[in-house]
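Written below as structure tokens is the structure these notes are about.
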Amino acid sequence: LRQDQPPARFLGHRIHTHHTHGTGCLLSSTLAAYLAVDPSLEEMISEAKHLLTLALEKAVVVGQGRGYPDVFAAVNALSSGDSRTHAERLALLKGVYVITDPDLARGRTPVEIAGAAQAGGAGILQLRDKHLSRDGLVQAAQDIREAASAPPLFIVNDRVDVAMAANADGVHLGPDDMRPGDARYLLGPDKLIGVSTGTLEEARAAAPYASYFGVGAIFGSKTKLDAGGPVGVERIQEIKAAFPHIPVVAIGGINRDNIMEVARAGADAAAVVSAVVAAPDMAEATRELVRRFAEGKGT
């Protein structure tokens, strides 16, 4: 870099692993390989660092000793276009989380809802449709992924098989769905698994496998009749205190009038259904929710 330019910074996140044998060799050899395609210095360092990060999160462990970064799994992830790590996906899990619902959508398709939510600044989209067949869900999920120019996190409700077929970022599981441990086995280490929790005991049982907790119903729910009574924002604080390392997505009766309350209580994201899909202008409704959530977080 020229002396008149500020130094470049290559930021990352901590990877909690002791399987680091060969890390330096992998980084240096990757840098050398990138020289063959003549990239810029910044591009070369950034790409090598990204490959190393992926490899460290997919470490190979043989026997009882230290493992080493799995470069083959990292290269496969990059070539498949699904290179985000679990930690990178978790870092995006914040803000407004829009859930599709055909019963409230006024004839709008899941793709239309997802597009409006994305245009309004929603960070997470979830496909939820209890009426579509398996093939219909897969098609809707694939349509959403293809329609998004820069997709935020995309989660499929209930169906691990649909999430896998559509290459979604993860799945959200309720009490009657696949067990979180089984879902983790099928989805692998990098996908997100959200688990519905209404009590501290439910959160404790799901904690070994959950990427995030869907906590509610905070203010009750008009879209899920089996959601139970309102648990209040105090439940967010209770679960956050017990599991500070697991993000909380508040859900249940959240709208423009109370979303700031869940943000102040510590929720990392707020899931909404009718507040967006039943609004006359879904994109504008999303923008207002995004603004109010950020204001509640003090940002």
Side-chain angles (χ1 to χ4, degrees), residues 1-94 123-124 142 145-146 148-155 160 163-171 180-194 208-212 245-247:
L1 297 179
R2 300 197 310 268
Q3 290 185 350
D4 60 340
Q5 290 181 323
R9 301 179 66 194
F10 300 91
L11 303 179
H13 59 273
R14 181 177 295 278
I15 302 171
H16 297 282
T17 179
H18 63 277
H19 302 303
T20 56
H21 187 74
T23 298
C25 294
L26 174 56
L27 181 62
S28 59
S29 60
T30 305
L31 288 168
Y34 271 113
L35 285 173
V37 296
D38 195 28
S40 68
L41 181 61
E42 288 190 25
E43 181 183 6
M44 180 178 70
I45 295 173
S46 178
E47 292 297 328
K49 185 176 183 299
H50 183 48
L51 180 69
L52 176 59
T53 299
L54 290 173
L56 281 169
E57 291 210 341
K58 306 172 187 293
V60 174
V61 183
V62 179
Q64 301 299 316
R66 288 174 60 198
Y68 56 89
D70 190 343
V71 65
F72 295 107
V75 170
N76 286 336
L78 286 172
S79 62
S80 68
D82 185 27
S83 60
R84 287 199 292 207
T85 65
H86 186 264
E88 288 171 330
R89 286 185 167 101
L90 271 186
L92 297 173
L93 192 77
K94 56 188 177 182
I124 312 105
Q142 291 174 340
R145 292 305 299 264
E146 292 172 4
S149 57
L153 288 176
F154 177 50
I155 307 295
V160 175
M164 294 174 68
N167 194 25
D169 290 294
V171 67
D182 295 334
R184 176 59 68 204
Y185 176 79
L186 291 171
L187 291 172
D190 293 323
K191 301 292 189 178
L192 298 180
I193 296 177
Y209 309 103
S211 304
Y212 70 88
H245 62 292
I246 300 179

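Being a predicted model, the structure only gives us computed values, none of them experimental. Just so you know, residue 1 is the first one in the sequence shown, and it goes up from there.
- The side-chain hydrogen bond (donor to acceptor under 3.5 Å, both in side chains) test applied to His86 returns Ser211, not counting sequence neighbours.
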**Request:** Test side chain to side chain contact (heavy atoms under 4.5 Å, CB included) on Lys191 and Asn167 and set out the steps.
**Result:** CA-CA 9 Å; Lys191 301 292 189 178; Asn167 194 25; 2.9 Å; yes
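- Here the closest heavy-atom approach between residue Leu186 and residue Met164 is recorded as O-CE, 3.8 Å.
- Taking both residues in full, the closest heavy atoms of Ala163 and Gly170 are given as CB-O, 3.8 Å, listed atom of the first, atom of the second, then distance.
- The shortest non-hydrogen separation linking Leu26 to Ala55 is CD2-CB, 3.8 Å.
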**Message:** For a side chain to side chain contact (heavy atoms under 4.5 Å, CB included) check, start with the C-alpha distance between Asp169 and Arg145, then their side-chain angles and the critical distance, and finish with the verdict.
**Reply:** CA-CA 10 Å; Asp169 290 294; Arg145 292 305 299 264; 4.2 Å; yes
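- In terms of the side-chain contact (heavy atoms from CB on, under 4.5 Å) criterion, Ser28 has no residue partners (sequence neighbours excluded).
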**Request:** Might you work through the side chain to side chain contact (heavy atoms under 4.5 Å, CB included) test for Ile155 and Tyr212, ending with a clear yes or no?
**Result:** CA-CA 12 Å; Ile155 307 295; Tyr212 70 88; 4.1 Å; yes
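- Distance NE2/His50 to OG1/Thr85: 7.5 Å, rounded to 0.5 Å.
- Partners of Val60 according to the side-chain contact (heavy atoms from CB on, under 4.5 Å) rule, which considers only residues two or more places apart in sequence or in another chain, are Val62, Tyr68, Asp70.
- Met44 approaches Leu31 most closely through the heavy-atom pair SD-O, 3.5 Å.
- Expressed to the nearest 0.5 Å, how far CG of Leu56 lies from CG of Leu51 amounts to 9.5 Å.
- Atom CG in Leu93 sits 5.0 Å away from atom CD1 in Ile124 (nearest 0.5 Å).
- Under a cut-off of 6.0 angstrom, the local environment of OH in Tyr34 is crowded, with over 12 non-hydrogen atoms contributed by other residues, nucleotides or ligands.
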**Check against side chain to side chain contact (heavy atoms under 4.5 Å, CB included), His245 and Leu90** = CA-CA 11 Å; His245 62 292; Leu90 271 186; over 6 Å; no
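- Rounding to the nearest 0.5 Å gives a distance of 10.5 Å between CG of Leu54 and NZ of Lys49.
- Among all heavy-atom pairs drawn from Val171 and Val160, the shortest one is CG2-N, 4.0 Å.
- Residues Leu92 and Pro152 fail the side-chain proximity criterion, which asks for heavy atoms closer than 4.5 Å.
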